[in-house]
Amino acid sequence: MTVVALAGNPNSGKTTLFNALTGARQHVGNYPGVTVEHKRGTYVHEGVTAQLEDLPGIYSLSAYSSEEVVTRDFLLNQSPDVVIDIVDASNLERNLYLTVQLLEMGLPVCIALNMMDEAQSRGMEIDADRLASLMGVPVVPIVARRSEGIHDLMKKALATVGVAPRPLRISYGPDVDPVLKRMKGAIEKALALPEAQRPWWAALKYLEGDEAVRASIAGKAPELDRELTAMADELDRHLRTTLDTYAEALIADQRYGYIKALLQRNVVVYRKDRDAAT
Ligand code: GDP
Ligand code: K
Ligand code: MG
């Protein structure tokens, strides 16, 4: 069966959408070893069925919290056919930080623009088609609490299954980009490593100081790990002396910069006649 994962920030409406799509066809358990809830359900509508996974809410795809680890491991190892990324439309900028990371991982993504009622009452008009063309993935406005748009969302999400995703590649600037490229090349040569399937992403994770990715590579290819660690350390030293920063911070800044610039391209318009009562 087609597997659809629901990912998004906490409080973006994942569970509301999951419940609206699966009704009583749900199974709730725990992920092994952690007290993080695992919810699986079945979507059945007009002859279409799919398996739905309500993943733990996260703000980032680092591996600092158990929620982040569980969600990331699921996305990396279970390879869902499509990831519905639930975005709170009334908090677009903050929510897109996760979206960018999902796209950088090269996952097949469909964006659910939830809480459109809330955005509207704040006087925001969001151009979903424009956002879709800028991000290169479908964007479907919904109001999960009222089940509005949810079948259209599933239709668009399932239509992407089997289409090879185009990973997002944003520039991290003249200091980081060349190092990223060299690290990617080094990882690509280690064909037997699972990380070689996502060499650019794995290189980026090294620069972000991701212990899980480092440990995974170090366990299987200690020499490659030493090489990558040396490159990452050298970049950090350079950034500290020239810009008083370090790679992880610079990468986060550049991601936010990318999102800010994107949103300024007529994605959001504030109505002047907004409801004075809100
Ligand atoms: P989760 O943490 O992502 O699972 O989010 P929940 O599904 O628990 O939803 C968080 C809150 O947002 C709840 O109070 C929901 O009722 C509310 N909510 C969900 N969808 C919508 C929506 O489309 N519009 C509005 N206004 N509220 C919503
Ligand atoms: K709310
Ligand atoms: Mg939830």
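Numbering of ligands and ligand atoms starts at 1, following listing order.
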Sidechain-backbone polar pair: Arg145 side chain, Thr16 backbone, donor-acceptor under 3.5 Å: no
Quick check: does any side chain N or O of Thr71 sit under 3.5 Å from a backbone N or O of Pro56, one acting as donor and the other as acceptor? yes
Give the total of protein N/O/S atoms at a distance below 2.8 Å from the Mg ion (ligand 3). 1
Looking at Arg145, Lys14, Met116, Lys39, the heavy atom closest to atom 16 (O) of ligand 1 belongs to Arg145
For atom 25 (C) of ligand 1, tell me which residue out of Asp117, Ile150, Val143 has the closest non-hydrogen atom. Asp117
For Tyr258, does the OH atom sit with more than 12 other heavy atoms under 6.0 Å from it, leaving out its own atoms? yes
Looking at [Y] and [X], is any side-chain nitrogen of the basic one under 4.0 Å from a carboxylate oxygen of the acidic one?
X	Y	value
Glu234	Arg237	no
Glu104	Arg255	yes
Lys156	Asp152	yes

Between Trp201 and Leu76, is any pair of side-chain heavy atoms under 4.5 Å apart? yes
So do Ser60 and Gln101 actually touch side chain to side chain, heavy atoms under 4.5 Å? yes
When only distance counts, is Gly13 in polar contact with ligand 1, meaning an N/O pair under 3.5 Å? yes
Just distances here: any N/O of Ala144 and N/O of ligand 1 closer than 3.5 Å? yes
Report yes or no: does Gly57 have a heavy atom closer than 4.0 Å to ligand 1? no
Contact atoms of ligand 1, heavy-atom distance to Asn114 under 4.0 Å: 20 (N), 21 (C), 22 (C), 23 (O)
Who passes ring pair (Phe, Tyr, Trp, His ring centres under 6.0 Å) against Tyr97, sequence neighbours left out? Tyr256
